[in-house]
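What follows is one structure encoded as structure tokens, with my remarks underneath.
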Amino acid sequence: MPGSSFPGADAPGDTAVNPLAQVLVDGIFTGASYALMAAGLALILGVVKVVNLSHGAFFTLGAYVAYVLDSRGVGNPLAAVFMAAVIAFAFGVFLGKSFINPVRSHSFSVAVGSLGFAILFEQAAQMLWGPHPLSIDLGAPLAVVDGVTLRRWGVISFLVSLGLVGGLSHLLSRPLGLPLKLIAEDEEIAGSVGMDVEKIRYLTFGAASAVAAVAGALLAPAMAITPTMGRVPLILSLIVVIASGMEKVWNLFFLAVGLGLLSNVSAYLLAPSWSYVLLLAVICLLLVLRPSGLATVGPSRDY
Amino acid sequence: MFGLYIARSVPAQPAPFLCYLFRMTGVRLFRFLALFFAGLLLAGFLPAFADDPSSRPTIRVGILAPLSGPFASGGSSFLEAATLAVEQANEGGGILGRRVELVVADSQGRVETAKSEAMRLISREKVFAIVGAYLSEETIGAIEAATAARKILIVPVAATAEITDGVSRDYPRYRYVFRVGYSIPQWAAMMGEFLRQRGVKTYAFVGASIRWNRELAGALKKTLAGSGILPVYEAFYSPRNPAFEPVAVAAAAAAPDFLVLGDPGKNSVVFVKRIREGGSKVPILSVGGSLGDARVVASLPLSGPLYVQAAAWMGTSEAATRYVTAFEKRFGYSPVGYSDTLPHDAMTVLLSAIRAAGRLDTDSVISALEKGAFPGVAGTYRFDASHQATWGPGSPDLHGTVIQWEKDGARIVFPRR
């Protein structure tokens with residue numbers, strides 16, 4: 001660049017060798033991060049059968065745990081993930097037992113109450129860490145393959161998401177996961193065979209909250225950490241869960257990856273403002289065709 | 001005998017005061033002395049009491065800023081900086097011998113809330129003037145409330161043209177509105193001058209899909225077109241699903257000489273991470289805000305140059321250095337030079353205008369604001385016919401600054417010295 005007086009201004013090789021390939025790879029990673037955020041929500045919707053609007057708050061909690069550890073010199077993501085999971089599980093069990101279970105049959109109360117908890121958490125986070133954005137060192141990309149950058153946290157969220165969804169799918173196909181499956185299908189029968197349905201519900205709520213916090217802790221370095229950072233993941237998770245349905249866990253993963261690809265490719269080829277519009281349009285279309293979600297076999301419209 | 005009787009029972013003349021005093025004993029003397037010293041104390045304290053600003057009604061100024069929600073970061077800096085300005089004014093004896101009192105309202109970043117809170121400040125809290133709001137959309141709502149009640153509104157940050165257009169269009173109605181911060185064309189002119197000085201030929205603009213970001217992109221394009229500097233990429237991401245990666249890839253693929261980031265919020269931080277992670281070293285110029293925060297920048301990769309535009313920075317003037325030092329001492333972190341500095345100056349300008357007017361009267365203060373020159377942290381503020389502070393590269397006082405982040409802190413690179 002003529003007249004430049006700073007290092008690196010005219011550095012060659014500034015652009016990706018294959019931008020479209022980069023966009024596709026990033027799209028897969030973005031979708032995997034949607035799946036990571038949505039997995040816990042799907043568990044709550046499937047087993048506890050409530051729409052939990054505090055899910056984003058647990059995502060934020062995980063990110064702040066990662067920040068606190070990083071600012072104290074503990075930059076190990078595993079430590080952040082472990083701490084975030086433990087704290088969020090404890091909070092989740094408390095919330096599930098003390099609030100969600102008693103009002104579970106009143107869907108509006110659950111929605112308003114969980115939203116209230118989310119706002120309360122945002123205020124608490126603002127009081128504890130301030131309203132200003134906080135940031136963690138991103139680290140270098142994992143690798144550059146044929147001119148395509150493999151973003152560190154993209155790869156990690158992809159692998160963790162894959163592991164989580166695979167693990168959940170495996171669990172539900174084994175005797176250990178039978179109580180979850182049975183409660184999801186018919187909790188009266190589950191209760192009649194001696195299962196402590198209430199306990200399983202709040203433990204599930206705790207586990208799902210822990211999953212959200214793990215997602216937050218893992219994605220924190222790639223984001224700006226603020227008290228309201230959980231709002232966008234909450235909406236995206238809801239979109240993924242509602243559209244995928246709860247019957248097959250892998251559907252959630254593939255739909256999330258599909259939506260990530262759609263979001264990124266449309267933003268690249270059309271305009272970024274189109275990505276959200278198209279994403280919502282596709283979801284609307286999906287729900288019109290399959291109101292119970294992708295997992296249902298054949299059309300299942302209400303008329 | 002008779003004469004003596006008359007003399008004793010009805011004194012012909014009052015006894016001299018000292019004789020009377022000497023004759024007093026016991027309880028009467030004690031009462032007299034107590035009354036005398038109480039009177040003396042009262043007389044001694046009254047002048048001092050009258051001079052003490054705390055004894056007089058305060059000057060109530062409303063602060064309208066988003067203190068909760070997604071814009072709480074900017075709103076909280078806004079409040080802190082305005083508080084600092086008021087504390088400094090009160091430490092200096094107040095304004096017109098009266099203390100200044102802040103009345104705070106949370107606009108939550110919502111237009112309707114901003115309007116209703118502005119109305120509350122005016123009707124219930126009886127403020128003399130309002131400093132606010134923060135977002136352009138909020139400010140439009142606050143303007144309607146303030147002008148209807150004939151209250152002065154000093155706009156510190158919001159940049160859309162609509163804010164001062166009203167003053168030119170319908171002066172009697174909108175004359176209560178003054179903007180201390182830069183308008184969008186002024187902002188574009190300052191950034192454009194920096195890009196011209198750098199010898200830039202092409203640039204990319206990335207911002208949020210909000211009105212003033214689009215207006216800024218348009219104004220920058222218009223400013224630079226005359227110099228043959230062209231945009232090679234423009235993108236506005238949705239704050240609900242920012243899709244940063246494809247925007248970062250496309251912006252880098254367009255190979256601009258410079259990348260201009262129009263979003264002052266947290267998303268600009270994420271975008272810088274994405275573009276540097278993708279390997280691009282393209283120089284970035286941010287409009288300021290979150291990327292002016294040293295705590296955030298400490299975690300960002302500086303593999304390519306990162307520039308931030310600001311109203312003022314430590315070292316641009318003695319006033320700026322004093323302000324930064326006072327802010328750091330009071331709040332424990334460095335100001336970002338935009339969402340704090342401009343509200344600080346907005347409050348300072350308002351209080352200086354009240355002082356210049358000599359009385360707490362809206363018309364007199366408006367007149368003072370229109371005619372006066374008011375020193376602030378970023379320079380000396382003067383208002384044009386549309387009540388817009390005269391910012392710009394040609395302005396002797398208000399030309400803004402650009403800093404470059406380096407490993408060990410920020411370096412002022414514009415204006416050149």
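Chain letters run A, B, ... following the sequence lines, proteins first and then strands; every chain starts at 1.
- By number of non-hydrogen pairs under 4.5 angstrom with chain A, the leading residue of Ser209(B), Ser76(B), Pro301(B) is Ser76(B).
- In this structure, the separation between CZ on Phe29(A) and CD on Glu245(B) is 10.0 Å, given to the nearest 0.5 Å.
- Of all the heavy atoms in Arg214(B) and Ser273(A), the pair that sits closest is NH2-OG, 4.2 Å.
- Here the shortest heavy-atom pairing between Pro131(A) and Ser73(B) reads O-CB, 3.3 Å.
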**Q.** Ser77(B) vs His132(A), side chain to side chain contact (heavy atoms under 4.5 Å, CB included): CA-CA, chis, key distance, verdict
**A.** CA-CA 9 Å; Ser77(B) 304; His132(A) 305 289; 3.0 Å; yes
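- Side-chain polar atoms of Lys266(B) and Ser135(A) form no donor-acceptor pair below 3.5 angstrom.
- When all heavy atoms are compared, the tightest approach of Thr228(A) to Gly69(B) is CG2-C, 3.8 Å.
- Looking at Val296(B), both its backbone and its side chain come within 4.5 Å of chain A, counting heavy atoms on both sides.
- Sorted by first and then second residue, the pairs that involve residues 26-35 of chain A and meet salt bridge (Lys or Arg N to Asp or Glu O under 4.0 Å), not counting sequence neighbours, are Asp26(A)-Arg151(A).
- When heavy atoms are compared at a cutoff of 4.5 Å, Thr226(A) approaches chain B solely by way of its side chain, counted from C-beta outward.
- A donor-acceptor pair under 3.5 Å is formed between the side chain of Arg274(B) and the backbone N or O of Ala222(A).
- For CH2 of Trp274(A), the number of neighbouring non-hydrogen atoms (other residues, nucleotides, ligands) closer than 6.0 Å is 12 at most.
- For a residue to count as touching a neighbouring chain, one of its non-hydrogen atoms must lie under 4.5 Å from one of that chain's; by this rule Ile136(A) touches chain B with the backbone only.
- For chain B, no part of Ala140(A) is nearby; none of its heavy atoms comes within less than 4.5 Å.
- Put simply, of Gly260(A), Ser266(A), Pro221(A), Pro227(A), the one with the most heavy-atom pairs under 4.5 Å next to chain B is Pro221(A).
- Among Ala72(B), Ser68(B), Ser238(B), the residue with the largest count of heavy-atom pairs under 4.5 Å with chain A is Ala72(B).
- Within the 4.5 angstrom heavy-atom criterion, only side-chain atoms of Tyr333(B), from C-beta onward, approach chain A.
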Q: Apply side chain to side chain contact (heavy atoms under 4.5 Å, CB included) to the pair Leu134(A) and Arg295(B), showing each step before the final yes or no.
A: CA-CA 7 Å; Leu134(A) 303 170; Arg295(B) 296 166 301 177; 5.6 Å; no
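- Counting all heavy atoms, side chain and backbone alike, Pro141(A) lies closest to Glu277(B) at CG-O, 3.2 Å.
- No more than 12 heavy-atom neighbours from other residues, nucleotides or ligands sit within 6.0 angstrom of CD on Glu112(B).
- When heavy atoms are compared at a cutoff of 4.5 Å, Tyr237(B) approaches chain A by way of both its backbone and its side chain.
- At a 4.5 Å heavy-atom cutoff, the contact between Gln126(A) and chain B is made by side-chain atoms alone.
- In this structure, Arg196(B) places its CZ atom where more than 12 heavy-atom neighbours from other residues, nucleotides or ligands lie under 6.0 Å away.
- For Leu269(A), no part sits under 4.5 Å from any heavy atom of chain B, backbone or side chain.
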